[in-house]
Amino acid sequence: MATEANGAAQQAPALNASPATPDGNPTPEPKTPGPATTPAPTAAEPKKLTNAQLKAQQKAEKAARRAQAKEAKAAIAPQPPAASTGADAGAKGSKPARGGSKQDEQQQQQQQGRPGIAPRRPSMGGRRGSVGGIIEKDPRSAIPECFSHIPMAKRIATSQAHKDVHPAVLALGQQMATFTIRDSIARLKYMLLAFRKVIEAYETPKGNSLSRHFIPHVLNDQIEYLTACRPMCFSMGNAIRLLKAKINKFDIDTPEDEAKEAMLESIDNFINERITLAEFIIARNAADMIADGDVILTYRQHRLVERALLQARHDGKQFEVSIVDDPFDQTGQMLAKTLRRERIRVYYSPHMGGTQASIRRATKVFVGAEAIFANGAMQGPAGTCDVCLTAADAGVPVMALCETINFDRDRVATDSLTYNEIDPERCGETEFRLLFDTTREKYLNVVITEFESETGNSPAQSILAILRKQEDPNAS
Amino acid sequence: MTTGDVTKPEPLAIRTAQASAQDDSTPFDIVQEYRTILASDPEISMPVAAIEALIALLGRTSATTAMETVSVIKTHAELLQQAVSNPVPLKAGTDLFQQYLLRSLKGQAAAGSAPPLSFDETRQHLLRNSQRFVTRAKAARETIAYKGAAYVKDGSVVLAAGGSRTVKTLLLRAADRHVERWGSPRFKVVYVMDGSRDSVPAVEALRERGVPVAEIEQSAVAFTLRAARVDMAFVGTEVVVQNGGLLSRMGTFQLATLCQAMKIPFYVAAESHKIVRVYPLSQADLPRCGVRQDVLEFKCAEQQKAEEEDSPDLFNRSFGQQASPIDYTPPEFISSIITEQGVKMPAAVYDLILDLYT
Amino acid sequence: MSSKQGGKGAGAGKGKKGAKGGAEEKRDDILQAVIIADSFQDRYAPFSLEKPRCLLPLANTPMIEYTLEFLAMNGVQEVFIYCSSANTDEVEAYIYNSSRWRNGSKISPFSSLEFIRVSDARSIGDFLRDLDKRALISSDFILVHGDLVANVSLDAALAKHRARREANRENCMTVILRSAGEDDHRTKTHGITPHFVVEPSTTRCLHYEETHPLQADHYLTLDPDILEHKEFEIRSDLIDCGIDICTPDVLALWSESFDYELPRKNFLHGVLKDHELNGKFIYTEIVDQGYAARASNLQMYDAISKDILGRWTYPLVPDSNLVLGNSYKMTKNGVCVENGVVIAPNATITESVLGHRSSLGSGSSVSNSIIGDRCKIGKNVRIENSYIWDEVVIEDDTQIYHSVLADAVRVGKKSIIPEGSLLSYGVSIAPGTQLPTDPAARISLKQGDGSPATDDASLVGENGKGADFHESASSDYDSDSEDEDFGTDPSSLQKSLIYSLEGLNISTSSISTLATHTSVDSDEVESQVNALQNADPTKSTTATASRNRLDSLSAFSAFSDDSMTGAFHTDAVNGLLDSLRAEDTDDFDGAKLEFMGLRLANNASDSSMRKAIAVSFAKRAAELTSTLDPAKAAQRALLDKKGAIKFIREVGVGGKEAEQAEFALALQNALVTQVMGKTLEAGKAGTVLAALLQQLYSHDVLEEDGILAWWNDGRAVEGGELMATVRDKCRVLVEWLENADEEESSEEESDDE
Amino acid sequence: MAPLLAGYAPNLEKFLKTLKGQSLEASTEGLIALLKRRQIRGAEACAFATARVLLQVVAKSKWTDVDQLLANVQKVGARLTHAAPRELVIGNIVRRVLGLIRDEASEERNADNEGSLMDSVSDLQTLQPSAATATSSGSQRPGPNPIKPTLTPAASFVSKSLFNLLSVVDPAESFTTGSPVTGSSTPIQQNSSATALKSEVIDGIEEIMDELSQADDQIAGFADVQIHPGDHILAYQPTATVEKFLVRAASKRHFTALIASGTPSPKGPEAYASLKKKLAAAGVRTVHVMSGSYAAYLPKVSKVILPAHAVLANGAIIADGGAACVARAAREYSKPVIVLSGVYKLCPENSSEVEDPIELGDSSAYVPFTDGPLVDGVDVESAVSELVPADLVDMYITNLGPHTRDHLDDILADHYKVEDIDFPLQ
């Protein structure tokens with residue numbers, strides 16, 4: 001009985017976490033109270049909704065976390081019985097399972113429900129449903145063999161997932177597979193939040209120690225599943241490495257609660273420092289690179305670039321922005337509107353055709369990086385490379401904005417086909433599309449990171465140096 | 001050349017009146033003639049001056065037969081070339097002239113005057129029109145300017161170098177075009193001032209027209225190309241060589257190299273009579289092409305002293321005025337050559353040569 | 001009586017068609033167009049005093065050029081231009097002097113271009129009635145206005161229109177509309193918002209109405225019949241570019257209603273409202289490709305000019321040089337210049353057009369503006385978002401913001417022309433003058449009645465020329481006047497360059513946004529409607545100064561309704577049903593009284609009563625089918641209660657064929673709804689309907705003609721095959737009716753007894 | 001019903017139909033309007049329409065001697081070029097026709113051998129080029145292997161030039177002096193019949209039109225040489241020309257075609273359906289790359305194929321927006337860029353001469369006009385075409401065969417007369 005209650009209670013936050021995604025939608029955008037009524041969306045529209053969604057989910061997750069935290073404290077102090085009974089194998093086993101099934105229902109709703117209701121999911125949302133349909137037959141069958149080595153997101157029926165995959169992770173996996181959560185940093189963040197739940201829900205089996213048991217028997221399943229849903233982005237890999245390192249450091253006989261607390265804390269710190277704070281500092285550093293009279297050219301809409309531009313505007317800089325967009329998902333239009341609201345003059349070129357002309361006018365190029373390889377090459381949204389090449393020809397400096405968490409110490413790429421990802425909704429012969437491309441280091445004039453002020457601006461080739469510097473203090 | 005192939009019997013060269021008149025007077029000094037012509041008209045270019053000189057010679061020579069005449073011309077042409085430190089520009093003129101004579105001698109149609117004039121007719125024609133050729137040379141310059149002016153767009157930044165009168169005219173024409181369209185010149189010019197004052201007239205004339213001009217040191221070129229976001233560069237040249245490259249005043253090669261590095265079009269404005277049958281292979285190859293200049297003199301203190309003593313001698317070695325050093329710009333650095341015959345790829349130059357000398 | 005007219009009109013229309021039938025087919029390949037070159041509005045005052053609107057320059061090109069180009073672009077062959085005597089001469093002169101358009105000109109894209117002068121025309125209506133008389137129009141034609149700027153291709157719309165027309169002669173008109181999205185859009189008309197009620201499945205237009213912020217209540221009153229449609233949208237996100245594809249019948253319709261003046265407010269609204277009378281159908285073609293808008297007022301003029309600068313009207317942009325003799329060139333920063341302009345080297349100009357031989361002094365800056373030919377702009381002048389027409393002189397150090405300066409205006413040194421100023425032809429502002437800001441000045445040399453105004457030095461400065469513009473007494477406009485009389489006329493909102501509601505007392509209730517509701521379960525709907533009725537108007541969202549608009553794309557269930565009629569419907573149906581269900585009494589008079597009371601209370605229209613009654617009986621019948629077979633159910637529903645039949649005959653139906661048809665249709669709809677509401681099996685619905693109709697027929701509620709009229713009514717088959725199947729069940733009955741004779745029918749009756 | 005299917009809106013076909021009955025002026029203005037309204041656009045259509053109208057000029061316009069005829073053609077030609085300044089082929093066709101007339105005229109004159117010293121000059125100028133066009137027009141006749149132009153005509157094209165400093169007469173002056181020598185460039189008809197000339201010229205123009213219609217097939221003729229088994233060919237926004245090219249190659253070679261639709265086509269994945277079908281039929285695998293950018297794919301690509309709107313004298317090309325990016329990416333991975341273009345698209349203009357080759361098109365092409373805020377606030381610049389710098393192109397395949405940049409001069413020399421190079425500036 002007690003377990004039931006406790007279990008349900010423990011699940012609760014996890015549950016209302018993900019449903020919160022579609023529902024409450026506290027987007028700052030003044031218009032369209034409920035997306036349900038919005039008409040056939042411009043490609044850009046749903047993207048915004050996704051952002052809104054992310055915000056929403058973020059909120060929800062926070063709420064969940066707070067609830068969890070309270071509960072945890074409660075759990076620790078007044079009712080040890082619950083905890084102890086919780087230690088009982090049967091209960092433990094059943095809990096995730098039950099949770100899983102509940103989550104399943106939600107997934108169903110999310111899956112079928114959404115496309116019907118409205119384009120809540122990203123532009124491709126409408127079609128993803130269908131893709132989901134095909135997906136059961138091998139989606140990769142149609143991929144031309146010359147690209148067959150490139151991975152692709154895949155929707156896995158939650159039933160097929162490993163039984164030990166935590167509901168929160170299950171949910172996240174789906175959202176990643178469907179690109180509901182798309183941006184690499186967002187994926188990183190929600191993964192960590194999900195892991196938080198995993199950790200909270202975790203109880204070391206008898207005769208095991210967390211530091212030995214957690215990773216192989218719990219965490220890895222989660223990771224495996226997430227990777228299956230969508231190939232991990234570099235930051236996720238890095239984060240996991242750091243987390244594992246942390247865990248491995250635990251002494252075998254660190255009390256479980258203490259260890260869990262420590263893990264949770266390190267996750268929170270990680271999110272604060274490497275994501276939240278990083279974004280802020282990068283925007284700051286990048287804004288300082290903008291001078292009055294500049295014409296900044298950027299490609300598509302990127303979180304960091306957008307923040308940087310707004311920051312610069314906020315600092316009272318007078319400059320114009322020239323946006324080159326990817327005609328296949330016109331996120332640039334969102335950026336354009338945001339900037340207009342700040343009364344920044346915006347030139348908008350809907351496709352690559354405008355690059356050459358826009359570059360002539362531009363004084364600087366800002367691009368947001370997905371990741372930067374050990375050799376300084378940059379992975380960015382497909383098209384970034386073309387922009388950088390054009391910039392180089394015109395002698396316009398290119399600045400890449402990137403959190404250090406996206407640096408990859410081990411991998412080296414010289415072309416875009418070494419590490420990339422296939423767009424799961426365009427993965428056949430009739431439609432094919434890669435999500436990223438790689439820009440060689442020689443075309444990047446500077447990489448702007450969250451390192452304090454000037455030192456944050458480094459030549460692409462020397463990111464390893466940055467990492468070294470960074471890890472020294474962190475190593476404890 | 002269907003029409004030309006029939007060679008006709010040589011008519012005897014008739015001594016013309018004026019020829020006989022000057023016959024016995026002081027021997028004809030080709031070099032002197034050449035210098036006076038150059039001096040007489042600042043607008044005249046070396047090849048044309050050379051041609052003019054040879055025509056003068058043609059008027060004075062006592063040579064009777066065609067063959068005679070030709071050889072006389074030949075020897076004088078060589079005299080002339082030895083007389084200057086950089087004979088290549090002269091060569092352009094003299095070769096052209098000689099080739100013209102030879103053609104008519106062979107009874108071959110020199111293009112533009114077919115069916116072949118007899119040798120004498122040719123001679124007459126040359127003597128009669130000697131002034132016309134000068135004006136034509138100037139006309140060619142205008143044509144080039146007219147064509148090149150079209151390149152200078154609203155808002156563009158143009159880099160120019162050297163004392164080329166062609167480039168100057170070109171930019172002035174551009175200004176006119178803009179005034180026509182906009183009421184005022186809508187482009188800027190950066191002029192690279194090598195130590196000489198050769199570019200000063202151009203700079204003044206342009207500023208006079210309301211074109212904003214910046215003067216920079218040669219050392220500032222690389223900086224400027226980017227800083228001023230230069231759109232294109234124009235240079236004149238002393239000659240265009242067989243492979244479409246340039247032999248031109250020192251610094252041209254440097255400029256071309258920088259432009260290419262920064263992907264900025266590098267245009268050459270040159271009259272077609274500046275095309276010369278010379279094929280330099282490298283900077284080091286210039287002497288083989290008859291260019292005599294000592295740009296590189298590695299010396300230590302002693303030589304330094306030594307030279308200060310016999311400086312006059314040093315002077316005589318290189319013939320004062322047109323002794324400004326030159327360098328070689330390989331064709332791959334040249335976007336295109338604007339001639340009065342149209343805009344040519346460097347590679348097309350060889351066609352012209354082929355056609356002229358075969 | 002209007003109904004009679006309708007009848008006559010319809011007849012006339014048919015007759016005409018019949019007559020022309022042959023010719024029409026022959027001439028189908030000739031596309032005709034009619035341009036209304038006179039708007040009978042003064043929204044361009046004071047400029048329109050000097051020149052007809054369609055000749056005013058838009059991006060340095062007389063508006064009518066765009067219109068003609070549009071017609072040429074769409075392959076129009078014959079053009080008729082209607083002008084009122086007031087300005088025919090000028091327009092005609094203009095066309096005549098254009099070697100391109102002049103009638104019979106070798107290079108004209110049109111085979112003919114004729115002017116039609118109507119001396120005594122007071123309105124557009126008069127034009128079209130006149131056109132009807134002339135019978136120049138042989139087949140489908142395009143009706144446009146002289147201030148149209150559009151590049152949309154009509155081929156698709158024409159094809160659809162033709163197809164519809166061939167399917168049913170009553171499909172007489174297609175209205176071209178440009179969707180403009182949810183958000184505020186500069187190219188949507190401000191002030192007066194058009195609302196189109198459209199049936200998405202068929203694109204048929206069911207209702208048209210205009211709202212404006214000055215009106216007291218912001219309700220759309222929908223004819224309940226509209227609610228018979230399974231689904232419809234209220235679209236207020238549309239740009240009405242005034243392009244109509246019409247069959248000649250449209251002209252007939254105009255003729256029938258001599259009082260119609262405006263093509264939308266009167267004609268479209270009226271024809272749709274009286275649909276039952278004229279039986280005509282009007283469709284919409286909502287395009288989301290291409291550009292189409294009317295420069296119907298200064299704000300639209302502003303917007304369209306900006307659209308042209310932004311190349312939204314491509315290829316109708318200055319550098320296309322569509323007008324003969326133009327030679328604009330597109331240059332950097334979106335600047336378009338004619339030959340012979342003089343721009344000082346250090347003058348800056350962006351996103352603008354500069355006309356032939358205009359000059360811009362050094363240090364001056366021009367942005368987002370259009371400057372005409374031969375203008376002289378001095379040094380350090382600043383011009384933003386303004387429209388400067390031809391031969392304007394602006395002296396040094398002057399600033400001009402978002403204003404219109406007509407031909408030959410002269411502005412002295414160091415003057416300031418603030419936002420919204422309108423300087424008409426020949427006005428001259430003395431040096432150092434600052435024009436008033438709130439309200440912005442409208443300065444003219446003439447008064448509203450065309451008489452010369454006496455120069456007002458206090459406004460235009462010493463020996464400046466011009467005075468504040470006063471309209472002729474008829475439509476007095478003066479921005480200083482009290483809000484009341486300003487507020488009365490919505491068009492006054494469109495007479496200024498800048499749209500603003502400041503200083504107007506606008507009732508804060510917004511247009512009621514009706515609840516979206518896709519389910520068709522009637523009960524649910526009724527509760528829905530109740531909710532609406534109970535909703536306290538003051539609670540409804542408050543209007544900001546910006547436009548109020550319905551959520552443009554909300555699907556409506558057949559029964560959700562504007563609260564008033566909706567309420568009536570609900571109560572009525574409930575009341576009737578109760579008494580029909582009542583076991584104790586078999587008296588119906590109580591119900592009847594109650595019903596009539598309700599009707600008065602809500603002054604419900606006949607049609608809504610008809611509907612209510614139909615629905616209640618249909619429901620009752622449906623209920624009964626659960627226990628009885630359809631025939632019996634129908635019989636019981638109608639006959640159980642004394643006086644029910646009589647009630648239906650008197651209140652519900654009424655003598656006219658049309659009304660009977662409506663009632664039948666109402667029954668049909670009601671039953672279908674029942675089926676959808678799962679309160680009746682689909683199979684039975686048809687039989688029930690048949691039975692009901694038969695009963696009503698045998699009790700002389702419906703006459704043969706009535707039922708047949710319903711049978712032939714397009715709407716009986718519209719909206720899903722369910723309607724069709726239900727209708728089909730009545731085929732037997734109908735066929736039987738068609739060759740009915742007395743005995744059989746009586747036999748039928750006896751059987752039923 | 002017929003007009004319904006076709007629609008009412010005018011287009012090339014409709015225009016050509018009208019030509020018969022119409023007056024010359026009407027046809028000219030008609031075309032001008034269509035060009036301005038972009039209802040006729042694209043090199044092929046424009047070239048064809050121009051040729052047809054110029055044919056009308058020759059046939060209908062009033063002229064008694066060659067000078068008049070040339071003048072008429074120039075006048076109409078200039079109007080057409082100004083109607084669509086960015087459709088450079090119009091100018092080319094006009095130049096071709098002008099050259100044609102000059103040739104026919106000079107031949108006429110040689111026929112009656114008045115070859116005096118005076119106008120003899122012009123003979124030499126015109127004779128050789130006429131030979132040139134003979135060879136090239138020969139190559140224009142249908143046939144698998146068009147003859148590649150020999151150097152002679154090219155040489156003769158310039159031969160006039162080098163000597164003109166010394167030559168007896170030169171056009172520059174002859175234009176000014178009114179002497180009969182003016183015949184040099186535009187010989188005055190002495191006693192040869194205008195009608196003969198007329199029919200000659202008309203035949204010539206028809207030959208040009210043949211050339212236009214056959215260009216694609218002839219270009220395709222060189223496909224299998226360039227495309228090798230196992231290649232991955234990236235075709236950027238393939239046109240009819242490219243389609244023919246690939247399909248022809250597919251008949252002989254087994255390769256993979258990456259169709260690059262730089263922007264989403266309204267037809268969606270169905271775009272280029274016919275191409276895909278034909279290639280599939282030939283057993284060639286196609287991948288429709290739905291992306292605005294191609295750097296990512298190039299490592300796998302072996303050749304890039306660009307269709308050109310126009311090829312400029314210095315080798316730069318004008319192509320669909322985005323082509324420059326593809327070409328740059330190709331250079332980055334040093335993959336050859338092959339440009340397909342009929343000779344008629346080869347313009348004597350130099351890239352720097354062309355008035356701003358970037359054409360800003362319809363803003364609503366990619367940005368929804370329904371997006372109020374965007375429409376109001378943002379300067380949308382959607383480039384229809386852009387300039388691909390010469391150094392990014394490796395090879396040009398015309399109906400005459402494959403060429404390098406240095407080659408273009410010769411071809412220009414073959415097809416245009418020096419006198420006409422400056423058209424319509426003159």
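Numbers restart at 1 for each chain; the letters A, B, ... are given by sequence-line order, proteins then strands.
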Least distance between heavy atoms, [X] atom then [Y] atom:
| X | Y | answer |
| --- | --- | --- |
| Leu387(D) | Gln356(A) | O-NE2, 2.8 Å |
| Ile143(A) | Arg285(D) | O-NH2, 3.7 Å |
| Gln330(A) | Tyr366(D) | NE2-O, 3.0 Å |
| Asp326(A) | Gly292(D) | OD1-N, 4.4 Å |

Using non-hydrogen atoms only, which part of [X] is less than 4.5 Å away from chain A: side chain, backbone, both, or neither?
| X | result |
| --- | --- |
| Ser385(D) | neither |
| Leu258(D) | side chain |
| Glu332(D) | side chain |
| Arg328(D) | both |

* To do: For residues Arg426(A) and Ser291(D), determine if any side-chain heavy atom of one lies less than 4.5 Å from a side-chain heavy atom of the other.
  =>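 Arg426(A) vs Ser291(D): side chains apart.
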* Got Lys337(A) and Asp371(D) here, is their nearest side-chain heavy-atom distance under 4.5 Å? ->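 Lys337(A) vs Asp371(D): side chains touch.
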* Between the side chain of Glu386(D) and the main-chain N/O of Met352(A), is any donor-acceptor distance below 3.5 Å? ->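 The answer is no, because no donor-acceptor pair under 3.5 Å joins these two groups.
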* Asked: Counting distance only, does the side-chain N/O of Glu381(D) pair as donor-acceptor with the main-chain N or O of Gly354(A) below 3.5 Å?
  ->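 It does not hold such a pair.
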Is [X] close to chain D through its backbone or its side chain, or both, or neither, when contacts mean heavy atoms under 4.5 Å?
| X | value |
| --- | --- |
| Arg340(A) | side chain |
| Asp325(A) | neither |
| Ser322(A) | neither |
| Thr355(A) | side chain |
| Arg343(A) | neither |
| Glu145(A) | both |
| Tyr443(A) | side chain |

Roughly how far apart are [X] [atom1] and [Y] [atom2], rounded to 0.5 Å?
| X | Y | atom1 | atom2 | answer |
| --- | --- | --- | --- | --- |
| Cys385(A) | Leu298(D) | SG | CG | 9.0 Å |
| Tyr333(D) | Ser416(A) | OH | OG | 4.0 Å |
| Phe328(A) | Ser293(D) | CZ | OG | 9.0 Å |

* Structure fact -> chain D shares the most heavy-atom pairs under 4.5 Å, among Asp437(A), Leu434(A), Val387(A), with Leu434(A)
* Best-contacting candidate, Gly383(A), Ala357(A), Pro144(A), Ser349(A), against chain D by heavy atom pairs under 4.5 angstrom -> Pro144(A)
